[in-house]
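Scroll down for the structure; my scribbles are underneath it.
When a residue number appears, it is its place in the shown sequence, counting from 1.
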Amino acid sequence: LLVGIGLARLWPLLIAPATGAEVTLEEESNRWEERTALSFARAGQATAVIGEQVILIGGETADGIIATTESYDVKANLWTMLSDKPTAVSEVQATVLGGKIYVPGGKTATGEITDILEIFDPSQNVWTEGPALPVKLSAYGLVSFEGKLYLFGGWDGEKYTDFVLTYSPDLEQWAEVAQLPSPRGFVSAVVVTDRIYILGGYNGKEPLESNLIFLPGRANGTSPWDNAAPLPGGRYAMGVAFIGDRIYVMGGIQENGKPAPQLIFLPANDGWIVRSDPNGEVPPTWSHFGVAVVGASVYALGGILDSQPTNQNIAFQAIYTVPLPLIIK
């Protein structure tokens with residue numbers, strides 16, 4: 001008999017690093033695959049997943065900030081245009097609650113920062129407007145957790161902020177529930193079980209190495225913050241995805257334009273892996289792109305590649321099975 005074992009779950013047992021350790025991993029093969037390119041090059045767009053559809057919203061092209069919304073069908077490998085977002089924005093994130101996609105704030109076509117909240121219902125192909133943010137923001141981190149939106153940091157048009165805001169669709173209101181340890185923007189936020197990791201960012205002077213853990217259950221009592229092992233080097237505007245039992249960090253901007261190797265973080269071990277195969281990762285000069293997890297794969301879409309917007313769409317098979325013999329006596 002043969003049984004399939006998810007190697008992504010087996011690796012931590014084989015290479016489990018000590019707390020905070022940095023480990024180099026040699027990959028045996030390149031698991032990135034070119035998929036059908038975006039309809040046009042764009043960067044800084046919001047990205048969301050509904051079923052097997054990856055939806056891109058807004059962003060910036062070589063001609064300016066746009067409102068275009070399009071959907072990528074992973075199985076069919078095809079793109080479809082949807083209703084434009086009412087307000088064209090860039091430097092935004094999106095998250096899904098109750099089958100709807102929430103896109104707060106952003107930088108508008110005039111360069112101003114907005115507080116607008118626009119909500120897309122893909123089942124109806126219709127946009128509606130929700131309650132505005134309490135402050136104008138772009139370049140924030142955003143996740144959904146237990147029926148609420150959580151927004152971290154961002155740029156208010158004059159400075160980077162330390163806001164931690166929540167939005168409850170049931171109450172239709174925003175609330176400030178905490179502050180980041182220091183102001184920052186272009187952070188990456190990702191949910192891992194009962195906690196939210198806030199990775200990297202930019203404070204107006206330098207890329208940050210911080211790897212913060214936000215515990216929503218402690219937001220109204222003791223400090224909601226813990227520290228995890230910092231990134232091997234500061235970076236921001238990167239792609240981050242949690243799949244299996246690990247966080248993938250791809251691309252982004254580092255200090256002095258240094259190439260940004262792909263990283264893997266193991267939350268259970270609080271340790272980092274630095275991928276060493278330059279042909280088995282996203283290009284190290286790629287930033288401001290969208291990331292989507294669908295099934296066993298991570299998709300990287302659009303963004304800035306070698307200082308120019310790109311229409312690239314590539315997929316990484318993060319979880320796969322290896323047949324092993326099962327001997328039954």
Side-chain angles (χ1 to χ4, degrees), residues 6 8-9 11-13 16-23 47-49 93-98 102 104 137 139-154 161-170 174-201 203 208-232 234-236 238-250 252 263-273 291-293 298 318-319:
R9 293 192 174 277
W11 274 347
L13 302 177
T19 299
E22 180 181 325
V23 176
T47 305
V49 176
Q93 301 287 325
T95 193
V96 177
L97 279 176
Y102 291 76
L137 285 174
Y140 48 77
L142 184 71
V143 297
S144 55
F145 180 81
E146 294 189 345
K148 293 182 179 180
L149 275 64
Y150 283 81
L151 183 151
F152 300 89
T161 72
D162 62 1
F163 293 120
V164 179
L165 304 175
T166 64
Y167 175 73
S168 171
D170 293 339
W174 292 90
E176 184 176 0
V177 294
Q179 293 81 40
L180 286 157
S182 62
R184 65 197 68 189
F186 295 106
V187 301
S188 295
V190 63
V191 175
V192 179
T193 60
D194 64 343
R195 57 195 58 198
I196 302 169
Y197 283 79
I198 315 298
L199 299 103
N203 62 8
L208 302 177
E209 299 177 0
S210 67
N211 181 8
L212 299 171
I213 299 173
F214 180 76
L215 298 161
R218 295 198 327 218
N220 295 318
T222 58
S223 172
W225 298 106
D226 280 340
N227 289 301
L231 282 79
R235 70 171 75 185
Y236 65 98
M238 62 274 201
V240 172
F242 176 68
I243 185 169
D245 54 7
R246 53 192 53 202
I247 297 172
Y248 289 86
V249 177
M250 302 159 283
L263 306 174
I264 300 171
F265 180 69
L266 306 176
N269 303 84
D270 197 29
W272 287 95
I273 296 166
V291 172
V293 175
V298 179
I319 299 176

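- Separation of atoms OG (Ser188) and OH (Tyr236) is listed at 12.5 Å; rounding is to 0.5 Å.
- Among all heavy-atom pairs drawn from Pro216 and Arg195, the shortest one is CD-CA, 4.4 Å.
- If you take CG on Leu208 and CZ on Arg235, they are separated by 13.0 Å, rounding to the nearest 0.5 Å.
- Proximity of Leu263 to Met238: side-chain heavy atoms (C-beta onward) are nowhere separated by under 4.5 Å.
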Please report, to 0.1 Å, the donor-acceptor pairs under 3.5 Å made by any side chain of residues 144-152, with sequence neighbours excluded.
| unit_1 | atom_1 | unit_2 | atom_2 | d |
| --- | --- | --- | --- | --- |
| Ser144 | OG | Thr95 | OG1 | 3.1 |
| Ser144 | OG | Val96 | O | 3.2 |

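- Nearest approach of Leu137 to Tyr140, heavy atoms of both residues: O-CE2, 4.0 Å.
- Rounding to the nearest 0.5 angstrom, the gap separating the CG atom in Leu165 from the CD atom in Gln179 is 9.5 Å.
- Ring centers of Phe265 and Tyr197: under 6.0 Å apart, within the cut-off.
- One finds the CG atom of Asp270 at 9.5 Å from the CG atom of Asn227 (value rounded to the nearest 0.5 Å).
- Remark: Asp226 pairs with Arg218 by the salt bridge (charged side-chain N to carboxylate O under 4.0 Å, His left out) rule, at least two apart or across chains.
- How far CG of Asn211 is from CD1 of Ile247: 6.5 Å, rounded to the nearest 0.5 Å.
- Interatomic distance, CG of Asp194 versus CD1 of Ile213, reported as 9.5 Å (0.5 Å rounding).
- Between Ile198 and Ala189, the closest heavy-atom pair is CD1-CB, 3.8 Å.
- Taking both residues in full, the closest heavy atoms of Asp245 and Pro267 are given as O-CD, 3.4 Å, listed atom of the first, atom of the second, then distance.
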Exercise for the section: Determine, stepwise, if the pair Val249 / Trp272 fulfils side-chain contact (heavy atoms from CB on, under 4.5 Å). Expected result: CA-CA 10 Å; Val249 177; Trp272 287 95; 3.9 Å; yes

Problem - Worked verdict on Val143 versus Phe242 for side-chain contact (heavy atoms from CB on, under 4.5 Å) - result: CA-CA 12 Å; Val143 297; Phe242 176 68; over 6 Å; no

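- For the pair Arg184 (side chain) and Ser182 (backbone), a donor-acceptor distance under 3.5 Å is present.
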Problem - Pair Met250-Val298, side-chain contact (heavy atoms from CB on, under 4.5 Å): steps then yes or no - result: CA-CA 11 Å; Met250 302 159 283; Val298 179; 3.9 Å; yes

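- In terms of heavy-atom proximity, Ala292 sits nearest to Val49 at CB-CG2, 3.5 Å.
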